[in-house]
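This report concerns only the one structure given below.
Just so we're on the same page: letters track the sequence lines, and every chain starts at 1.
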Amino acid sequence: MSKTSIQQEVLLEVRDLKQHFPIRHSQNVIRAVDGVSFSLRKGETLGLVGESGCGKSTTARAINYLYTPTSGDIILDGVNLSSLSRREMAAARKDMQMVFQDPYASLNPRMTVNQIILEPLRINKNRGVISMTNGEMDKRVEELMEIVGLSRNLKNRFPHEFSGGQRQRIGIARALALNPKLILLDEPVSALDVSIQSQVLNLLTKLQKEFGLTYLFIAHDLAVVKYISDRVAVMYLGKLVEVSPSEELYDRPLHPYTQALLSAVPIPDPEVEKSRQRIILEGDVPSPDRIQKGCYFCDRCPKVMDKCRSSIPELKDRGEDHQVACWLYE
Amino acid sequence: MAEDKAILEVKNLKTYFKTDSGIVKAVDGVNFTLKRGETLGIVGESGSGKSVTNLSVMKLIPSPPGKIVDGEVLLHGRNILSLNNRELSKIRGNKISMIFQDPMTSLNPFLKISTQMIETIMLHQKLGKDEAWDRAVEMLRLVGIPAPEKRIDAYPHQFSGGMRQRVMIAMALSCNPEILIADEPTTALDVTIQAQILELIKDLSDKMGTAVIMITHDLGVVAGMCDHVCVMYAGRIVEKAKTDDLFADPRHPYTVGLINSVPRLDQGKEEALYSIKGQPPNLIDLPDCCPFHPRCDRAKDICRSQYPPEKVLGSERFVRCWLYEEEKN
């Protein structure tokens, strides 16, 4: 039984989110995110998977208003972010933080660990969002370092003195600094070696239990997503094709794309590998700059029907909290 | 049996890099053999020496700062490391070819695919331009590029990542090499494209009888592709075995940890994931003891003072760990 149930309170709701980017010297736009709706329940981890270019990271950035969405609503804890003024937005953003993929690029090399973790506190104090004395802030930094498993003696060191795994811990400490409700994790372990990856995954699980955090966990590694998520959303070419509780999705994938994706993941066991049937997809992901008339996956789908080419299937519930957007199930 | 003949033997290979803070022993005594038609996996984490081992095999180590300080690489009994550049160029790309992780940086962006492929083929196969062209088109068709006679005149940026890697494979196999070294060939690719490329490499190596050295950090790729596996840690092979044996019964504590710390798609959720404590060692001035001992749950006194020798366990299997040395006594 998953630890969240359908009735549980919703923390974040994304409604028909679109994020398009203009192309220079062209009338077309890149439809990075093209109508995505899902909700995130308090205390759960929603995994967002898909291949590169499918719009996973753009979704996370649009939720955080790092981009201004082309259309759609982001509702965090009952507040529609698009209705907020600049000042109100600053306060609302405190509740959602991000951890990025590349622990080398996401930390300022000229700042010490202390300055890096302190920065969100300092900025929000200056804006009047939080009130803390300097002494309290210093104590908070040390506390955060201990929480993520870094010795407080290291606080005056620079990022280059740390390994990839330790840097990711610094990034996590920075994200935790303001006691957020929601953390958007954008491929947080993809750049790490396997032995370090499992350390960071265990840390994230521990933090979630301790602080009641809600995670949106973006990754392309389906095994990692299965391990960490309560529910999983599968994205293709800017649209969600399937959303389901994690166990259910892996046991009973409905969408042909999810089926192909799961069958393509190599399993570290030669016995299992020998007997596996792979669904090898033909071709590549099409360019996201054209307007699709039918199902976004129809060009590569092994089970394509006539209807798929002419009208777009909607994401609909098929029972057991399992949603899929595919004409096969209509 | 012809298959049992070793075509490549690497003996006590040592490659060091001189840096400002000391000597990095990137590869420190590596031994392995590769047989005809075999697929050998080399796994390890970043910095374990996988790539440097294979660059050394091709004598492609930038020097300075790098230097192959010891060892032999025997291709049919002939030591590659003692050859001059002229002789080497007859081997590179012809007898042994390589494909790299990032297909964008390994193709020249200014040259058409045709130019790049024909150059290789004409150089090694002594063919005329028209014949080389035909050969290139044939290779592109073999790796599944649609309409190859048109696409051959495209530039690398006009191909997607998966297609570029197909072009790289076509180039690498165009001279019928005996050995293909694939250095993380699918790491930059998505899983569905990875599945396509792995299938292709497997297919072609079976068809053409090419031996493959597959360098990867992904145990799943090893399980599906390789006959034998070498596990590298801190510049040495700590365990070598048949793939089935390695996964069924891993011996070195590092191998055990590595296999256990990967979440698996086909298994339910465990409470906490196993993790190897600590971090990979700094390769500068590594002490002469087992480099894994600070992270090992089963470390003993001797592990902290001496490097374990290769302990042969049955046929085609060895491990470097003191745990298995004492079993005998």
By a 4.5 Å heavy-atom criterion (distance strictly below it), what part of [X] contacts chain B: side chain, backbone, both, or neither?
| X | answer |
| --- | --- |
| A/I267 | both |
| A/E51 | both |
| A/I279 | neither |
| A/V272 | side chain |

**Q.** chain B interface, residue from A/R276, A/Q166, A/Q197 that has the most non-hydrogen pairs under 4.5 Å
**A.**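 Heavy-atom pairs under 4.5 Å are most numerous for A/Q166.
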
So which atom in [X] and which in [Y] form the shortest heavy-atom distance, rounded to 0.1 Å?
| X | Y | result |
| --- | --- | --- |
| A/V194 | B/S261 | O-OG, 4.1 Å |
| A/P268 | B/L219 | CB-CB, 3.8 Å |
| B/L265 | A/Y250 | CD1-CE2, 3.1 Å |
| B/D190 | A/S52 | OD2-OG, 2.6 Å |
| A/R300 | B/T192 | NH2-OG1, 3.8 Å |
| B/A223 | A/D269 | CB-N, 3.4 Å |

Q) What distance do A/D251 atom CG and B/D266 atom CG have between them, rounded to the nearest 0.5 Å? A)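 If I round to the nearest 0.5 Å, the distance is 11.0 Å.
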
Q. What's the spacing between A/I280 CD1 and B/E199 CD if we round to 0.5 Å?
A.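 Interatomic distance, A/I280 CD1 to B/E199 CD, rounded to 0.5 Å: 4.5 Å.
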
Q. Name the one of B/V229, B/V222, B/T243 that satisfies side chain to side chain contact (heavy atoms under 4.5 Å, CB included) with A/P270?
A.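 For A/P270, the side chain to side chain contact (heavy atoms under 4.5 Å, CB included) test succeeds with only one of B/V229, B/V222, B/T243, which is B/T243.
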
Q: Taking atom types as modelled, find out whether A/S163 and B/Q279 have a side-chain donor-acceptor pair closer than 3.5 angstrom.
A: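 The criterion, which ignores hydrogens and geometry beyond distance, is satisfied for B/Q279 and A/S163.
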
Q) So, A/S195 and B/E45: side-chain donor and acceptor under 3.5 Å apart, yes or no? A)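 Looking only at side-chain atoms, B/E45 and A/S195 do form a donor-acceptor pair, the distance falling under 3.5 Å.
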
Q) Ion pair present between A/K274 and B/D244, side-chain N to carboxylate O less than 4.0 angstrom? A)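 Yes, A/K274 and B/D244 are salt-bridged.
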
Are any side-chain N or O atoms of [X] and backbone N or O atoms of [Y], one a donor and one an acceptor, separated by less than 3.5 Å?
| X | Y | answer |
| --- | --- | --- |
| B/S275 | A/S198 | no |
| B/Q196 | A/L281 | yes |
| A/Q199 | B/G278 | yes |

(Q) For a 4.5 angstrom cut-off between non-hydrogen side-chain atoms, does A/V265 reach B/Q194? (A)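 Sidechains of B/Q194 and A/V265: no contact.
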
(Q) Counting C-beta onward and ignoring hydrogens, is there a side-chain heavy-atom pair between A/H220 and B/V191 closer than 4.5 Å? (A)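 They are not in contact (no side-chain heavy atoms under 4.5 Å apart), so the answer is no.
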
Q | B/R298 atom CZ: more than 12 heavy-atom contacts under 6.0 Å | A |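 Not more than 12 within 6.0 Å, no.
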
[X] portion near chain A, given a 4.5 angstrom heavy-atom threshold:
| X | result |
| --- | --- |
| B/V262 | side chain |
| B/P146 | neither |
| B/L258 | side chain |

